[in-house]
There are 4 protein chains.
Amino acid sequence: MNDHSEIMATSIKVDKKELIRQAALSVFARHGFYSTTAQQIAAEADVAVGTLYNHFKDKEDILIHILDTEMNERQAAVLQIVGKDLPMREQIKQIIAFHMERAVENKFMMRLFLGEELHLSGKLEKFTYKLFKEIPDRMVLMLQAAMDRGELRRADPLVLAHAIMGANRSVMVRASLYDDDAAKRIRDHAAEELTEFIWQGIKPT
Amino acid sequence: MNDHSEIMATSIKVDKKELIRQAALSVFARHGFYSTTAQQIAAEADVAVGTLYNHFKDKEDILIHILDTEMNERQAAVLQIVGKDLPMREQIKQIIAFHMERAVENKFMMRLFLGEELHLSGKLEKFTYKLFKEIPDRMVLMLQAAMDRGELRRADPLVLAHAIMGANRSVMVRASLYDDDAAKRIRDHAAEELTEFIWQGIKPT
Amino acid sequence: MNDHSEIMATSIKVDKKELIRQAALSVFARHGFYSTTAQQIAAEADVAVGTLYNHFKDKEDILIHILDTEMNERQAAVLQIVGKDLPMREQIKQIIAFHMERAVENKFMMRLFLGEELHLSGKLEKFTYKLFKEIPDRMVLMLQAAMDRGELRRADPLVLAHAIMGANRSVMVRASLYDDDAAKRIRDHAAEELTEFIWQGIKPT
Amino acid sequence: MNDHSEIMATSIKVDKKELIRQAALSVFARHGFYSTTAQQIAAEADVAVGTLYNHFKDKEDILIHILDTEMNERQAAVLQIVGKDLPMREQIKQIIAFHMERAVENKFMMRLFLGEELHLSGKLEKFTYKLFKEIPDRMVLMLQAAMDRGELRRADPLVLAHAIMGANRSVMVRASLYDDDAAKRIRDHAAEELTEFIWQGIKPT
DNA sequence: TATGAATGAGTATTCATTCAT
DNA sequence: GATGAATGAATACTCATTCAT
């Protein structure tokens, strides 16, 4: 019954939910959440409309799943970098580099994240919350600790947290949203440049 | 009924278009562009639905007008500050202070700006463009000039431009979107703190 | 403004809500509530679908309005007959005659009433209630009073009330639902025959 | 798993079709035919949706089977009573008592019968026909014969037939649909009271 | 036979926009 | 210009039915 996976190794197990998630991500990113129809998602995923609703409660539920997945993956990556216990400047650089790479790799997600981060009905408030309170608050703790250890100059850590995240985010947008020469140049050295900018802004005096 | 115009010749001239702009701003900010109906805007403005269409081509046109107005006011303010020919650090501080004040004053606009800046159909692309190319590009010129004059350290000015704008934006969001103690604290000293962060990040070595 | 009705005597004032009520009555009666689409109602009323929703909250609301209207008209007629203070047997006959006439006149309504009287979601419970409790309960009071005056034999008035209404209802259905010779015959003398049946069943011994 | 059939050869033979019939009866009665989904029936019967379609052509076919079963059982009971060749008044009483008992026993069926008796698509017309033509017509023959034998007064037997059935039906509804004290009282003596009402209405003068 | 995931035609409802008054 | 009833295209979501396992 569940040894199918072995016996029928050739029947590639397609996880319909994952299939739909990817299709929806692609379409949402191109047209935005509100301008995407259930039909479009179904067509992109090559399933029937009804199938969407066998896996998700409603359209919004698909978006939530997409955002959740992305958030979790990014958080995991950041935690892994932080866990390596590198010097502060190097940590910053690696985190920035990770986000940048991911943004460029996945323009779709970037567009989606940017466009829908606010003003999505009730159930999505939690993402606004995560993005503007939970994550920054965790960062505040890290910055505070670093200040206490004398690794950073003294300053309001909440302002710094947002300044750092915002700087990062904006550069990412520019690098991934357009495809001109400037964007290409940014992608190459943005991690280093941004790191230097941030590092100068927070290093001990 | 229609002799008002003569008797109250001096009465406050209520510009219907402006009335609608403000009503729409308020409703868009609360519910988002897509979840706001023409009826709601009309109700908020206390005019008939048809009246909206006497002043604006369509719903989107109202949003464009709102964004246009805000953009222009901000640009004017920034140009005025720049025109005062202050030292770089002071200039940065005043611009940041202006934006911060405005954000706090007008939470509605802030929410609107954040939520709708991307993914608005075709005709709104120009705002994405303005926000992510035009304004930064103008800033690049200024930064480049300052570097040439030795007032700033050498770095990729496009990265810096975005880093500065993004840092600013994110702190503003935090200060205006929530109303906790941290937000109040930020409002008081964010301009100085942010200025210091940015100044350290870009000042000549 | 409201002298239109006089000046424009030729522009027959069509009450859209009433227009829709009649159209819906006709379609519901032919296809049943669940098998009638909003489109069909709109088509029958010769208005746009949207117009339905300018006058009624939803499809069910149209049905409620239809049933309400019919109930009220019938109740008014019955009260008027009762008010004439005729001898009991004559009263019964006139009421039966009225219902019969109405049923035959308005087959549509008859079908509708029969078919949908139960099992319509929550908001329609009140009709089941009216039909099976409120109206019979009022009838019980009348029967009881008549028994006390010795005009009827003693019996459980609630059983009698339902027996009378049920007898009436069933004969009406037969007379209005089919169009054979028997139906025609029934229409002619059912009032007298039914009255006799009921009267024998309830007259004092 | 599938050796049950051997080990428990004597185990209660659960006829799936009968299982489904009962489940569907229960759900239809609670929600009405149109508001009941195949899923709900399957869940109530604790089988898979597909199983429904192994035993019934479609949803309507289930309803037909339910109505058929009930009709047949009632008809059989009535025939058996009639076959006992009792005096007319006693016959009436026993038939009424049987229906009343059945109605109280099986509220579900009662609700279903009432709510869906009309307006079910084409294939169900035959039940309307049975209920409003076939059964009454058979009753007419009986009444006519009884009149000829001088056991009943002369009157239009079709009107009488419907009057009797309708009276019965309505009292049953009241007794089974609500559960108040009046309902309980009715259940106890309705058979006798109704019989007396009908008997007075039809007995020879 | 039993299963239940997949299907996709079908429909109630919304809402931007128009236009006669 | 102002009004708001009327319009009807557009769309999320449902659910009876099928069929591969």
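Residue numbers start from 1 in every chain, and the chains themselves are labelled A, B, ... in the order their sequence lines are given, proteins ahead of strands.
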Can you check the [X] [atom1] to [N] [atom2] distance for me, whole Å?
| X | N | atom1 | atom2 | answer |
| --- | --- | --- | --- | --- |
| Tyr53(A) | dA12(F) | OH | P | 6 Å |
| Asp58(A) | dT11(F) | CG | P | 17 Å |
| Leu52(A) | dC13(F) | CG | C1' | 10 Å |
| Ile20(B) | dA2(F) | CD1 | P | 8 Å |
| Lys57(D) | dT18(F) | NZ | P | 9 Å |
| Gln39(A) | dG10(E) | CD | C1' | 12 Å |

Could you work out which one of [options] sits closest to the side chain of [X]?
| X | options | value |
| --- | --- | --- |
| Asn54(B) | dT17(F), dA2(E), dA2(F) | dA2(F) |
| Val49(B) | dA5(F), dT17(F), dT14(F) | dA5(F) |
| Lys16(C) | dT7(E), dT3(E), dA6(F) | dA6(F) |

Q: Identify the nucleotide, in any strand shown, that forms a Watson-Crick or G-U wobble pair with dT21(E), with both distances under 3.5 Å; if there is none, say none.
A: dA2(F)

Q: If dA16(E) has a Watson-Crick or G-U wobble mate with both distances under 3.5 Å, name it; if not, just say none.
A: dT7(F)

Q: Name the nucleic acid region contacted by Ala38(D), choosing base, sugar-phosphate or nothing; use a 4.0 angstrom heavy-atom cut-off, strictly under.
A: base

Q: Using a heavy-atom cut-off of under 4.0 Å over every strand shown, decide if Thr37(B) touches base, sugar-phosphate, or nothing.
A: sugar-phosphate

Q) Where is the tightest heavy-atom contact between Ile66(B) and Leu25(B), given as atom of each residue plus distance? A) CD1-N, 3.5 Å

Q.
Using every non-hydrogen atom in the two residues, find where Ala38(A) and Leu52(A) come nearest and quote the distance to one decimal.
A. O-CD1, 3.4 Å

Q.
For the residue pair Gln22(A) / Glu18(A), report whether a side-chain donor-acceptor contact shorter than 3.5 Å exists.
A. yes

Q: Select from Lys59(A) and His55(B) the residue whose nearest nucleotide in DNA chain F is closer to the 5' end of that strand.
A: His55(B)

Q: Go through Arg21(B) and Glu70(B) one step at a time and tell me if the salt bridge (Lys or Arg N to Asp or Glu O under 4.0 Å) criterion holds.
A: CA-CA 11 Å; Arg21(B) 195 199 112 239; Glu70(B) 181 72 8; 5.5 Å; no

